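Data block below; observations after.
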There are 2 protein chains.
Amino acid sequence: MAIRLTDVANEAGVSLATASRVLNGSARKPAAEISDRVRAAAEKLGYFPNAQAQALARASTKLVGLVVRDIADPYFSTIARGVQRGLGDSGTQLLLASTDSEPEREIEAVRSFMSQRTDAIILSGSRGLSEDAALLRLIGSYQENGGQVIVIGQPLASTGGIQIDNETTSENLAEELIRSGHRRFVVLAGDENLLTSRDRAQGFLRKLKRTGLSAVGVVHGAFSREGAYMAMSDFLRGRKSEEDAQQLCVFCVSDVMALGAIRAIRESGLRVPEDIAVVGFDDIPTLEDVTPGISTARLPLEEIGRWAGEMVLSHGEARKTVVAGTPVLRESTKLHAGNR
Amino acid sequence: MAIRLTDVANEAGVSLATASRVLNGSARKPAAEISDRVRAAAEKLGYFPNAQAQALARASTKLVGLVVRDIADPYFSTIARGVQRGLGDSGTQLLLASTDSEPEREIEAVRSFMSQRTDAIILSGSRGLSEDAALLRLIGSYQENGGQVIVIGQPLASTGGIQIDNETTSENLAEELIRSGHRRFVVLAGDENLLTSRDRAQGFLRKLKRTGLSAVGVVHGAFSREGAYMAMSDFLRGRKSEEDAQQLCVFCVSDVMALGAIRAIRESGLRVPEDIAVVGFDDIPTLEDVTPGISTARLPLEEIGRWAGEMVLSHGEARKTVVAGTPVLRESTKLHAGNR
DNA sequence: CTGTTAGCGCATTCAC
DNA sequence: GTGAATGCGCTAACAG
């Protein structure tokens with residue numbers, strides 16, 4: 001087996017307690033000469049503290065759990081990077097779980113993190129409308145036992161976190177688009193059971209209504225690239241050949257969905273933005289490499305993750321922060337003269 | 001504090017041992033009636049096994065560590081997803097560490113994983129040329145203590161893993177490009193100290209030489225999007241206005257670099273592929289959304305990750321698998337008639 | 001089949 | 001300032 005602290009103590013000719021005091025900042029400071037001997041012994045033997053044993057003896061694990069829907073999705077991987085940056089060199093390790101959008105897997109993940117006695121759990125996958133009772137109960141008991149819960153996205157009554165003001169952001173985005181001249185909108189609203197999805201669609205639609213406009217169409221589907229691809233394909237198939245109408249602008253409730261929609265538009269032989277304009281939401285890094293540049297609402301994804309990580313470290317008492325996105329209009333929503 | 005197994009045992013009126021046997025698959029099967037009572041008590045009290053204590057008492061942690069350079073890089077996040085899929089519902093949790101390409105951070109990550117007593121460590125960040133002695137020593141002692149090490153990319157003598165045959169793949173890619181009519185190549189070779197980088201560049205250059213061609217230029221830089229952007233910008237600034245020459249084809253040793261190169265090319269007012277053709281390597285998912293479609297060498301990224309995860313589960317005795325990429329020519333290397 | 005007991009490796013009180 | 005003893009929560013012999 002591996003080298004134990006006891007071995008190091010023996011090698012250095014000191015007691016277990018002293019070795020322990022030397023190898024981790026304890027209040028009591030052993031003599032310099034003794035310390036050196038212990039450190040030398042540890043080095044020589046190749047000692048590694050057993051984190052499990054430490055966790056058991058102390059009360060903390062220096063572990064934090066991050067729950068995402070899909071780590072390969074740029075939205076989540078960017079946040080994940082931020083979290084790691086936020087954790088910095090605090091020695092805190094990140095436990096990652098992906099849910100594939102399945103609520104039961106999210107519960108499973110939280111349950112597992114609870115077993116691991118993580119000091120904190122960061123929930124970044126958007127929650128559903130129905131405040132899943134089982135999840136809430138779990139979270140509650142986790143908090144009662146001293147666990148910190150940080151939610152990214154929609155706030156959860158009892159927890160701290162970074163709230164994203166999806167509704168207002170969508171309203172502002174709609175406003176900018178209208179100002180730029182767009183009038184005919186279609187909303188790819190994603191999954192109506194997800195808060196994020198719903199809030200973004202509602203905010204957008206509300207602004208339209210207030211401006212005296214109404215959406216040409218609202219299409220639901222999965223909150224993913226594939227979901228948007230299918231939704232858009234269906235929509236295109238369904239509409240009459242009204243090519244002479246004013247340019248359409250498709251608002252997708254996420255950039256990833258915008259990417260799927262564009263794919264569908266192109267496959268049906270149309271161009272973006274000449275035939276149909278497209279807007280997304282999030283401003284994922286991927287957009288930097290896509291042409292035409294896709295209009296969107298910029299969210300400081302990496303920073304959001306970093307804040308979450310920092311919150312964990314600061315043991316902040318359920319601090320809440322609200323972030324709104326900034327509309328960024330690029331080529332994908334450029335009005336095409338011939339289509340006005 | 002949290003509910004302990006002892007509490008459950010008391011509540012159920014059985015011994016600690018029995019409760020333990022019920023709540024986790026032990027060889028000995030307690031009576032059905034007793035089992036139900038224990039499970040009911042556990043449920044009622046909201047019991048969660050303390051993974052740390054279990055790990056200490058057993059010998060295994062059901063934890064595996066994954067080291068990547070940057071989790072926000074599609075290459076790594078896709079592999080990470082694969083690893084999670086490979087781990088499936090085995091109950092094994094993933095510990096994630098990012099190194100930001102700094103060797104010392106990689107060592108730090110491995111050291112931390114060793115402290116966590118992870119059952120296995122998956123190294124996916126490409127290693128440097130100099131077989132970092134410190135890292136090798138660490139890995140060695142980890143293995144001696146029963147730890148499993150799986151390397152993705154270049155093989156490491158003592159470990160199992162998925163090897164990527166970068167050289168042969170690059171040769172095949174070069175062959176396809178030549179066959180399609182290209183003759184004038186520039187190689188954005190990335191970091192010459194990284195094995196991946198070097199192998200890909202060398203394989204490509206070797207094929208050129210064997211075909212009687214030689215590269216118009218070989219430019220080094222960071223193995224990243226930014227690195228390629230800068231390298232390409234420099235190259236473009238440096239060359240004479242030889243617009244009338246035959247079309248250039250820029251081979252980037254990774255897709256992410258290709259993306260950076262394309263950005264540089266466009267900023268200098270040139271078009272891809274009309275003025276300059278570009279090829280990448282990896283076939284990251286991002287390419288699906290980029291126009292023009294970028295030619296590349298396809299690697300089954302997610303599957304590679306999945307294999308790694310499965311290797312961990314199967315406790316495979318240092319099994320090695322070799323994977324080669326498949327050349328995929330798309331629009332970014334289409335020969336432009338006017339430039340022939 | 002069930003209960004008792006002895007550690008797993010370490011932090012930490014308490015004496016010296 | 002240093003050492004001996006106790007316990008963190010759980011598993012795995014070992015008895016019964």
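Just so it is clear: chains get the letters A, B, ... in the order the sequence lines come, proteins before strands, and each one is counted from 1. Since the structure is predicted, the reported quantities are computational estimates derived from the model, not experimental observations.
Rounded to an integer number of Å, the gap from CG of Asn145(A) to P of dC8(D) is 16 Å. Rounding to whole angstrom units, NZ of residue Lys62(B) and P of dC10(D) are separated by 17 Å. Look at CZ on Arg37(B): it is 9 Å from P on dG3(C), rounded to the nearest Å. Atom P of nucleotide dC10(D) and atom CZ of Arg117(A) are separated by 7 Å, given to the nearest angstrom. Between Leu23(A) atom CG and dC10(C) atom C1' the separation is 11 Å, expressed in whole Å. To the nearest angstrom, C1' of dC10(D) lies 17 Å from CZ of Phe48(B). Put simply, CZ on Arg58(A) is 13 Å from C1' on dC8(D), counting in whole angstrom units. If you measure from atom CZ of Arg4(B) to atom C1' of dC10(D), you get 11 Å, rounded to the nearest angstrom.
Applying the 4.0 Å criterion to OP1 and OP2 of dA11(C), one finds that Asn24(A) has a side-chain N or O inside that range. Distances shorter than 4.0 Å separate some side-chain N or O of Gln54(A) from OP1 or OP2 on dA11(C). For the pair Ser15(B) and dT2(C), the criterion of a side-chain N or O lying under 4.0 Å from OP1 or OP2 is not met.
Judged purely by distance below 3.5 Å, without hydrogens or angles, the side chains of Ser98(A) and Asp70(A) never pair a donor atom with an acceptor atom. The closest side-chain donor-acceptor pair between Ser115(A) and Ser112(A), if any, does not fall under 3.5 angstrom.
Judged by distance alone, the side chain of Thr78(A) and the main-chain N or O of Pro74(A) form a donor-acceptor pair under 3.5 Å.
For a distance-only test at 3.5 Å, the side chain of Arg21(B) qualifies as a donor-acceptor partner of the base of dG3(C).
Nearest to the side chain of Ser20(A), among dA11(C), dG3(D), dG9(C), sits dA11(C). Side-chain atoms of Ala17(A) lie closest to dG3(D) of the nucleotides dC10(C), dG3(D), dC10(D). Comparing dG3(C), dG7(C), dT2(D) by their nearest atom to the side chain of Ile34(A) picks out dT2(D). The side chain of Thr18(B) approaches dT2(C) more closely than any other nucleotide in the set dT2(C), dT2(D), dT12(C). Residue Leu5(A) has its side chain nearest to dC10(C) when only dC10(C), dG9(C), dT11(D) are considered.
Checked for salt-bridge contact, Glu303(B) and Arg306(B) meet the test: a charged N lies under 4.0 Å from a carboxylate O. Residues Arg81(B) and Asp100(A) are not paired through a salt bridge, judged by the lack of any N-O separation under 4.0 Å between the basic side chain and the carboxylate. By the 4.0 Å N-to-carboxylate-O rule, Arg39(A) lies too far from Glu43(A) to be salt-bridged with it.
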Show which side-chain atoms of residues 44-52 of chain B pair as donor or acceptor with protein atoms under 3.5 Å away, not counting sequence neighbours.
| from | atom 1 | to | atom 2 | distance (Å) |
| --- | --- | --- | --- | --- |
| Lys44(B) | NZ | Glu11(B) | OE2 | 2.8 |
| Asn50(B) | OD1 | Gln52(B) | N | 2.8 |
| Asn50(B) | OD1 | Ala53(B) | N | 3.1 |

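In this structure the side chain of Ile122(B) reaches within 4.5 angstrom of the side chain of Val312(B), judged on heavy atoms.
Among the heavy atoms of the strands lying under 4.0 Å from Leu16(B) is at least one base atom, whether or not backbone atoms are also near. Residue Ala31(A) is in sugar-phosphate contact alone, with no base atom involved, counting any heavy-atom pair closer than 4.0 Å across all strands shown.
End-to-end axis angle for the helix from dC1(C)-dG16(D) to dC16(C)-dG1(D), using five pairs per end and rounding to 10°, comes out at 40°.
Nearest-nucleotide mapping onto DNA chain C: of Gly13(B) and Leu56(B), the residue sitting toward the 5' end is Gly13(B).
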